[in-house]
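What follows is one structure encoded as structure tokens, with my remarks underneath.
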Protein chains: 2
Amino acid sequence: MEELLKISELSEQTGLSAHTLRYYEKHGLIQASTRSEAGYRFYTDSDVRRVQFVKTARNSGFSLDDISQLLSIRVDKESHSCQDVTDITQKKLDQVNAKLAELHSMQHTLELLLESCCGGPENATHCSIIEALDAGVVDKEAFGQARHEST
Amino acid sequence: MEELLKISELSEQTGLSAHTLRYYEKHGLIQASTRSEAGYRFYTDSDVRRVQFVKTARNSGFSLDDISQLLSIRVDKESHSCQDVTDITQKKLDQVNAKLAELHSMQHTLELLLESCCGGPENATHCSIIEALDAGVVDKEAFGQARHEST
DNA sequence: GTTGACCTTAGAGCCGACTCTAAAGTTACA
DNA sequence: TGTAACTTTAGAGTCGGCTCTAAGGTCAAC
Ligand SMILES: [Zn+2]
Ligand SMILES: [Zn+2]
Ligand SMILES: [Zn+2]
Ligand SMILES: [Zn+2]
């Protein structure tokens with residue numbers, strides 16, 4: 001028995017909103033196999049599997065553009081190689097690694113800033129964070145610690 | 001001698017485009033101390049220092065909104081505490097850490113996917129990446145390795 | 001006095017991935 | 001027959017941080 005799902009049912013099954021599903025369709029990622037006379041979308045099991053593929057790929061970090069490529073491989077595996085697949089995956093990993101490096105550097109900077117500042121209720125006249133940002137020095141291993149009321 | 005810079009000169013000194021400087025002004029981050037009769041912006045040394053503060057903060061990962069707060073502390077240090085500063089910084093660090101966690105998870109997933117696939121010129125009929133995405137299984141420590149032409 | 005490099009403004013466009021709206025048509029059920 | 005809960009579409013809005021355009025005004029050099 002071929003069970004056809006309406007968009008809200010597909011939405012329930014996949015956890016993607018009907019808006020998002022229509023958005024994916026508009027961008028060529030998915031499609032309803034059939035439409036009712038009134039134009040209502042109806043999805044087959046195979047459609048559901050495709051949507052789940054998209055969702056899993058999305059959760060794995062792939063962009064819609066990546067996924068579009070992965071999908072064309074998926075529907076015609078014979079015409080594509082494993083290398084085609086790893087190329088997409090590796091490129092994505094490279095992007096993720098680049099972004100990670102950037103964020104790690106920010107993390108490091110912010111941690112240094114936090115270590116340098118007392119974080120107390122004293123006024124910020126000699127705050128080392130403000131001073132560090134003022135000095136443009138944010139990548140040094142140590143900036144001076146501000147000492148409030150040191151004798 | 002008070003040396004006044006035109007916007008293109010400030011742009012050169014800071015490495016920020018004139019467009020960006022005007023954008024920052026529109027958003028309340030910076031301002032030209034004076035204008036010529038014709039309306040040209042002129043920046044003082046103090047303006048330059050403020051712009052450099054913004055730039056350094058930006059490079060450290062702060063959003064323009066964060067920076068806006070940091071700037072109001074900077075111009076009136078007496079009215080703010082070190083804690084005000086660390087609150088902003090800690091909040092930003094939390095955001096960065098959250099994003100890092102997300103990206104690390106993606107990195108892990110993508111690495112697993114890449115390990116599982118031979119990446120070779122064989123056709124993708126049994127590609128384990130495609131299969132993993134199809135199965136919705138992307139977070140397991142091992143998915144099956146595809147073996148092309150194994151005997 | 002004319003070229004060309006600058007400056008001004010308001011406002012549009014871009015990126016990605018949604019998210020939502022409005023206005024209209026359809027369906028299920030009482 | 002009514003009404004509530006769907007569905008459809010095109011298109012606009014959102015986020016942040018720029019980036020660019022158009023149409024005009026200014027300025028220095030030759
Ligand atoms: Zn302090
Ligand atoms: Zn401090
Ligand atoms: Zn393979
Ligand atoms: Zn493969």
Side-chain angles (χ1 to χ4, degrees), chain A residues 4-43 47 51 54-71 88 91-92 95-96 98-99 102-103 106, chain B residues 4-43 47 51 54-71 88 91-92 95-96 98-99 102-103 106:
Chain A
L4 295 176
L5 302 177
K6 283 196 282 193
I7 197 163
S8 64
E9 292 162 334
L10 179 60
S11 168
E12 258 178 66
Q13 287 232 354
T14 59
L16 301 170
S17 77
H19 279 305
T20 297
L21 291 168
R22 289 192 202 96
Y23 174 81
Y24 284 174
E25 179 178 310
K26 190 158 62 181
H27 286 73
L29 297 179
I30 62 171
Q31 227 200 305
S33 293
T34 45
R35 294 268 190 144
S36 73
E37 287 184 9
Y40 283 30
R41 290 165 177 84
F42 283 111
Y43 298 93
D47 295 335
V51 172
V54 171
K55 192 192 177 188
T56 304
R58 199 74 199 80
N59 289 341
S60 307
F62 290 105
S63 68
L64 298 191
D65 211 62
D66 296 331
I67 294 172
S68 175
Q69 292 176 248
L70 290 171
L71 282 167
I88 297 171
K91 201 174 134 209
K92 189 73 215 172
Q95 287 168 15
V96 167
K99 192 75 193 165
E102 196 183 319
L103 283 170
M106 280 184 196
Chain B
L4 296 175
L5 302 177
K6 283 196 281 193
I7 197 163
S8 64
E9 292 162 334
L10 179 60
S11 167
E12 259 178 65
Q13 286 232 353
T14 58
L16 301 170
S17 77
H19 279 304
T20 297
L21 291 168
R22 288 191 204 98
Y23 174 81
Y24 284 174
E25 179 177 310
K26 190 158 63 181
H27 290 262
L29 297 180
I30 63 172
Q31 226 198 305
S33 293
T34 45
R35 294 269 190 142
S36 74
E37 287 184 9
Y40 283 31
R41 292 167 177 84
F42 282 110
Y43 299 93
D47 295 335
V51 172
V54 171
K55 192 192 177 189
T56 303
R58 200 76 199 79
N59 289 340
S60 307
F62 290 105
S63 69
L64 299 191
D65 211 62
D66 296 332
I67 295 172
S68 175
Q69 292 176 247
L70 290 171
L71 282 167
I88 297 170
K91 202 174 132 208
K92 190 71 214 173
Q95 288 169 16
V96 167
K99 192 73 193 168
E102 197 183 318
L103 283 170
M106 280 184 197

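Chain letters run A, B, ... following the sequence lines, proteins first, then strands; residues in each count from 1.
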### Query
Picking from C/dT8, C/dG11, C/dG25, which would you name as closest to the side chain of B/Arg41?
C/dT8
### Query
How close or far is atom P of C/dT27 from atom CD1 of A/Ile7, stated in whole angstroms?
15 Å
### Query
Between A/Lys99 and A/Glu102, is the closest basic N to carboxylate O distance under 4.0 Å?
yes
### Query
In residues 14-24 of chain B, which ones come under 4.0 Å of DNA chain D, going by heavy atoms?
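Those residues are B/His19, B/Thr20, B/Tyr23, B/Tyr24.
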### Task
Mind listing the residues from residues 59-71 of chain B sitting with a heavy atom below 4.0 Å of DNA chain D? Number order is fine.
B/Ser63, B/Leu64
### Task
Identify the 5'-most and 3'-most nucleotides of DNA chain D with at least one atom closer than 4.0 Å to a non-hydrogen atom of chain B.
D/dG17 to D/dC27
### Message
Over the length of the helix from C/dG1-D/dC30 to C/dA30-D/dT1, how much do the five-pair end axes diverge, rounded to 10 degrees?
### Response
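Axis angle across the helix from C/dG1-D/dC30 to C/dA30-D/dT1, nearest 10°: 30°.
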### Message
Donor-acceptor check, side chain of B/Ser60 to backbone of B/Thr56, threshold 3.5 angstrom: yes or no?
### Response
yes
Pairing residues for [X] by the side chain to side chain donor-acceptor pair (under 3.5 Å) criterion, not counting sequence neighbours:
X	answer
A/Asp47	A/Ser33, A/Thr44
B/Thr34	none
A/Lys92	A/Gln95
A/Ser63	A/Asp66

### Task
Write out all pairs satisfying side chain to side chain donor-acceptor pair (under 3.5 Å) with one or both partners inside residues 10-19 of chain A, taking only residues at least two apart or from two chains.
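Qualifying pairs, neighbours excluded: A/Ser17-A/Thr20.
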### Task
Enumerate the residue pairs fulfilling side chain to side chain donor-acceptor pair (under 3.5 Å) with a member in residues 21-30 of chain B, sequence neighbours excluded, ordered by first and then second residue.
B/Glu25-B/Arg35, B/Glu25-B/Arg41
### Task
Taking salt bridge (charged side-chain N to carboxylate O under 4.0 Å, His left out) as the test, write out the residues that go with A/Lys91, two or more places apart.
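Salt bridge (charged side-chain N to carboxylate O under 4.0 Å, His left out) check on A/Lys91 returns nothing, list empty.
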### Message
Can you list, in residue-number order, the parts of residues 29-39 of chain B that come under 4.0 Å of DNA chain C, counting heavy atoms only?
### Response
B/Arg35, B/Gly39
